[in-house]
Chemist: 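This is the structure I want to talk about, given as C-alpha cells.
What's counted below: heavy atoms across the whole structure, side chains too, no hydrogens, waters or symmetry copies. Because the structure is predicted, anything quoted here is derived from the model rather than measured.
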Amino acid sequence: MELSVSIGLWAAAVLPILFLFLAITLWGWSTHKAAMAGVILAGGIGIWFYKLAVPGLLSECGKGVWNALSILLVIWPAIFIYEVTEQAGGFRAIRQGIQRLTRHELLQIVIMGWIFPDFLQGITGFGVAVAVGAPLLVSIGVRPLWSIVMVLLSYSWGATFGTLALSWEALLVQAELTGEAAGAAAFLAAGLIGCYIVVMAFCLFWFYGKWKAVKAGLPLGAVLVLILAGGQLLLAPISPSIACFLPSAAALAAAVLMTRLPCFRKPWRMEDSPVMDRREQEEGMEAMSFHQGFFPYYVLTAITVFCLLVPPVNRFLGQFRIGFSFPEVCTGMGYVTPEEPFYSPMSPLIYAGTILAEACLISALYYRAKGRIRKGDLSQIWRRTVKKSLPSTAAILGFAVMARIMSSSGQIQVLSYGIVQVLGSSYVAAAPLFGIIGTFITSSNMSSNILFGKFQMSAAEFLQISPAVTLALQTAGGAVGAAMAPGSMILGMSTTGIKGVESSILKKVMPISIGSGIAFGIAAWLFLI
C-alpha cells in the first residue's frame with residue numbers, strides 16, 4: 001500500500017537525518033551518542049506520527065541488532081589484528097620496508113593509503129580497507145586524522161563493485177533489474193565512479209602538498225586512474241564481481257613496479273606537508289623484516305582469495321548460512337514490512353569477519369613463535385581491543401537500529417516520495433543524494449541500495465525514463481557517500497587510536513562526497529533534458 005505524503009509527515013521523516021548531521025558536524029557529539037539519540041528520535045516519530053506498534057518496533061530493532069552484528073564481527077577482529085601487528089612491531093617494519101623500497105614519500109602514501117586499501121575493498125569490504133589502511137599510513141608518518149581522511153576518500157570508489165559486487169547485486173535484487181538494462185546501469189555507474197576516482201586522486205595529492213604535489217604525482221596518478229577507472233568501466237557490464245578487485249590488483253602491481261623507476265627511487269618529499277608528522281618513533285625491540293611486518297596482511301589476502309575467488313571452495317563454504325525469522329510488521333497507516341522467514345542470512349565460513357579472525361589467530365601464533373609477542377602480551381592486546389571497540393559497538397548498533405526503524409515505519413519512503421512529487425523531472429539531479437543519505441545512515445552502500453533500490457526504480461517509472469539512470473545514480477551516490485560513513489570513520493579512529501574527531505573528518509570529506517554526488521545528478525539531468 002502506498003503511503004500518503006503530507007508536509008507534517010515529511011518533516012517528521014527528515015528530523016532523524018537532520019539531527020545526525022547537526023549533532024556530529026556542528027554540535028560536536030560523539031558518533032555513538034548521536035546514534036543512540038537518533039534511535040530514540042526515530043522510534044518516537046515512528047510510534048507517534050507513523051503509528052508503528054511497539055511489537056513491530058521491537059521486531060525491527062531485532063533486525064537492526066542482527067545487521068549491526070554483521071558489521072561488529074568485522075570491527076572487533078580488525079582492531080585486534082591491528083593491535084597484534086602493532087605489539088609485534090609490524091607497522092614499524094612496514095614503514096621501514098616501504099621507505100627502503102621507495103624514498104618517494106608520495107608514492108609511499110599512494111601504496112599504503114590508496115592502492116592497497118582498494119585491493120582489500122575489492123575482496124573484503126565491510127570497512128576492512130579503512131581499518132587496515134589508516135594505521136598503515138600512520139606507520140609511515142601520516143597524521144592520524146589525515147590518514148583516515150585519505151583512506152576514506154581513496155577506498156570509497158569501490159563501495160559499489162567491491163566485496164565482489166555485493167552492493168551491486170543487492171541493488172539489482174531490490175529493483176528486479178536484469179539483462180541489458182542491468183548492464184547499462186552498471187556501465188553508467190562505473191563511468192560516474194570513474195570520474196570520482198579522478199577527483200579523489202587529485203584531492204589525495206592536493207592534501208599532501210597542493211599544486212607541487214599534484215604536479216609531482218601526475219604521471220603516477222594518471223597510470224593508476226587509467227587502470228582503476230578504465231578497468232572498472234570495461235568489467236562492470238560483463239563481470240561486476242571482479243570489476244573492483246581485478247583493477248585494484250593490477251594497480252597494486254603497477255604501483256610496486258613503479259618503485260623501480262629512477263624518478264621514484266630518488267628521495268622526494270614535501271618538507272612542509274600538513275598531513276605529515278615525521279618525528280622519530282621509539283624503536284623498541286629490534287626491527288623485523290618488511291615481510292614479517294606485513295605477514296598478517298599476506299595471510300588476510302591469501303585466505304580471502306582462497307575462500308572467495310576459488311569457486312568450488314566458495315560454493316562449499318557458502319552453503320552454510322545463519323539467519324533469523326521475523327514477523328510481518330504493519331503500521332497503523334497501512335505500510336507493510338513483509339514477514340522474513342530467513343532475514344539477511346550470513347555465510348559465516350566466507351564472511352569478512354571470520355577471515356579476519358583466522359588471520360588474527362595465525363598472525364598471533366606466528367609472532368609468538370618468533371618471539372615478537374611475549375607471555376602476557378595477548379591479554380594487553382585484548383584489553384586495548386575492547387577499549388577501542390566499545391564506542392564503535394554502541395555507534396554501529398545505534399545506526400543499524402535507526403535505519404530499520406525508519407525503513408519499516410515508512411519514514412524513508414515518505415521522505416523519498418515527497419521529494420519526487422516536489423521536484424518532478426528535475427528529481428534526477430537529486431537522485432545521487434539518496435545514495436549518499438542511505439550510506440550515511442547505515443554506513444553501507446549495500447544497505448543504502450536495499451533501502452532505496454525499489455524507490456529509485458519506481459521514480460524512473462514515474463518519470464518515464466530508463467531505470468538504469470536512477471539506479472546508477474543511486475549506487476554511485478552511495479559509493480561517494482561511503483567516504484563519510486560514520487561506521488568507517490569509527491573503524492579508522494579505533495585502529496589509529498584517536499577520538500572525538502568525527503566532525504573534523506566530515507568537514508574535510510563531506511564537500512568532496514556531496515559535491516561529487518551533486519555533479520553526478522546535474523550531469524545526468526542535463527543529458528536527459
Side-chain angles (χ1 to χ4, degrees), residues 39 42-43 46 52-78 123-128 159 162-176 240-241 303-304 307-308 311-331 335-358 392-393 395-409 412 438-439 441-454 478 487:
V39 169
L52 177 63
V54 172
L57 176 69
L58 295 177
S59 175
E60 293 306 307
C61 286
K63 291 181 183 177
V65 171
W66 176 244
N67 290 343
L69 183 62
S70 67
I71 302 173
L72 296 175
L73 288 176
V74 174
I75 289 179
W76 283 72
I123 50 179
T124 58
F126 299 99
V128 173
T163 323
L164 303 181
L166 282 181
S167 296
W168 178 249
E169 293 299 329
L171 181 64
L172 296 184
V173 169
Q174 290 297 310
E176 300 178 354
S241 63
I303 296 175
T304 301
C307 292
L308 299 185
V313 176
N314 184 262
R315 284 194 297 269
F316 175 74
L317 297 178
Q319 65 183 317
F320 303 100
R321 301 196 301 168
I322 300 173
F324 296 93
S325 63
F326 290 91
E328 178 183 273
V329 174
C330 182
T331 71
Y335 182 75
V336 177
T337 301
E339 178 186 2
E340 295 279 1
F342 199 41
Y343 175 73
S344 189
M346 178 193 300
S347 298
L349 299 184
I350 56 173
Y351 191 65
T354 305
I355 294 171
L356 270 167
E358 292 167 349
S392 309
T393 300
I396 294 299
L397 280 169
F399 285 123
V401 171
M402 178 181 167
R404 284 307 317 165
I405 293 173
M406 292 189 68
S407 177
S408 63
S409 64
I412 291 291
T439 304
I441 294 174
T442 66
S443 292
S444 165
N445 191 21
M446 180 171 66
S447 298
S448 177
N449 286 344
I450 291 171
L451 277 177
F452 291 116
K454 193 69 176 179

Chemist: Taking all non-hydrogen atoms of both residues, which atom of Pro327 and which atom of Ser59 are closest, and how far apart?
Modeler: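 Closest approach of Pro327 to Ser59: CD-OG, 3.6 Å.
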
Chemist: To the nearest 0.5 Å, how far apart are OG1 in Thr304 and CD1 in Ile350?
Modeler: 11.0 Å

Chemist: Test of understanding: with side-chain hydrogen bond (donor to acceptor under 3.5 Å, both in side chains), list the residues that count as partners of Ser448, not counting sequence neighbours.
Modeler: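 Ser448: side-chain hydrogen bond (donor to acceptor under 3.5 Å, both in side chains) contacts with Gln474.
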
Chemist: Test: salt bridge (charged side-chain N to carboxylate O under 4.0 Å, His left out). Region: residues 396-405. Which pairs qualify, not counting sequence neighbours?
Modeler: Glu60-Arg404

Chemist: Show, in sequence, the C-alpha distance, side-chain angles and deciding distance for Val329 and Lys63, and conclude whether the side chain to side chain contact (heavy atoms under 4.5 Å, CB included) test is met.
Modeler: CA-CA 12 Å; Val329 174; Lys63 291 181 183 177; 5.5 Å; no

Chemist: Applying side-chain contact (heavy atoms from CB on, under 4.5 Å), name anything that partners Pro345, two or more places apart in sequence or on another chain.
Modeler: Arg321, Phe342

Chemist: I need the Cys307 SG to Ile355 CD1 distance, nearest 0.5 Å.
Modeler: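 One gets 5.0 Å once the value is rounded to the nearest 0.5 Å.
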
Chemist: Please check: side-chain N/O of Asn449 versus main-chain N/O of Ser167, any donor-acceptor pairing under 3.5 Å?
Modeler: yes

Chemist: Who pairs with Leu69 by side-chain contact (heavy atoms from CB on, under 4.5 Å), at least two apart in sequence or on another chain?
Modeler: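 For Leu69, the residues satisfying side-chain contact (heavy atoms from CB on, under 4.5 Å) (neighbours in sequence not counted) are Trp66, Leu73.
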
Chemist: Tell me which pairs pass side chain to side chain donor-acceptor pair (under 3.5 Å) where either residue lies in residues 338-347, with sequence neighbours left out.
Modeler: Asn67-Tyr343

Chemist: What is the minimum heavy-atom distance between Ser409 and Gly46, and which atoms define it?
Modeler: CB-CA, 4.1 Å

Chemist: Among residues at least two apart in sequence or on other chains, which ones pass side-chain contact (heavy atoms from CB on, under 4.5 Å) with Cys61?
Modeler: Leu57, Val401, Ile405

Chemist: Heavy atoms only: give me the nearest Ser408-Leu52 pair and the separation to one decimal.
Modeler: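 Shortest heavy-atom separation between Ser408 and Leu52 comes out as OG-CD2, 4.4 Å.
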
Chemist: Report the distance from atom CD of Gln319 to atom CG of Asn314, rounding to the nearest 0.5 Å.
Modeler: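 It is 11.0 Å, given to the nearest 0.5 Å.
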
Chemist: Does CZ belonging to Phe316 count more than 12 external heavy atoms closer than 6.0 Å?
Modeler: no

Chemist: How close do Gly453 and Ala175 get, counting heavy atoms only, and between which atoms?
Modeler: O-CB, 4.1 Å

Chemist: Not counting sequence neighbours, list each pair that qualifies as a salt bridge (charged side-chain N to carboxylate O under 4.0 Å, His left out) and has a residue in residues 343-358.
Modeler: none

Chemist: Once side-chain hydrogen bond (donor to acceptor under 3.5 Å, both in side chains) is applied, do any residues pair with Thr354, and if so which ones, sequence neighbours excluded?
Modeler: none

Chemist: Restricting to side-chain contact (heavy atoms from CB on, under 4.5 Å), what partner residues turn up for Pro311, sequence neighbours left out?
Modeler: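 side-chain contact (heavy atoms from CB on, under 4.5 Å) list for Pro311, sorted by chain: Arg315.
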
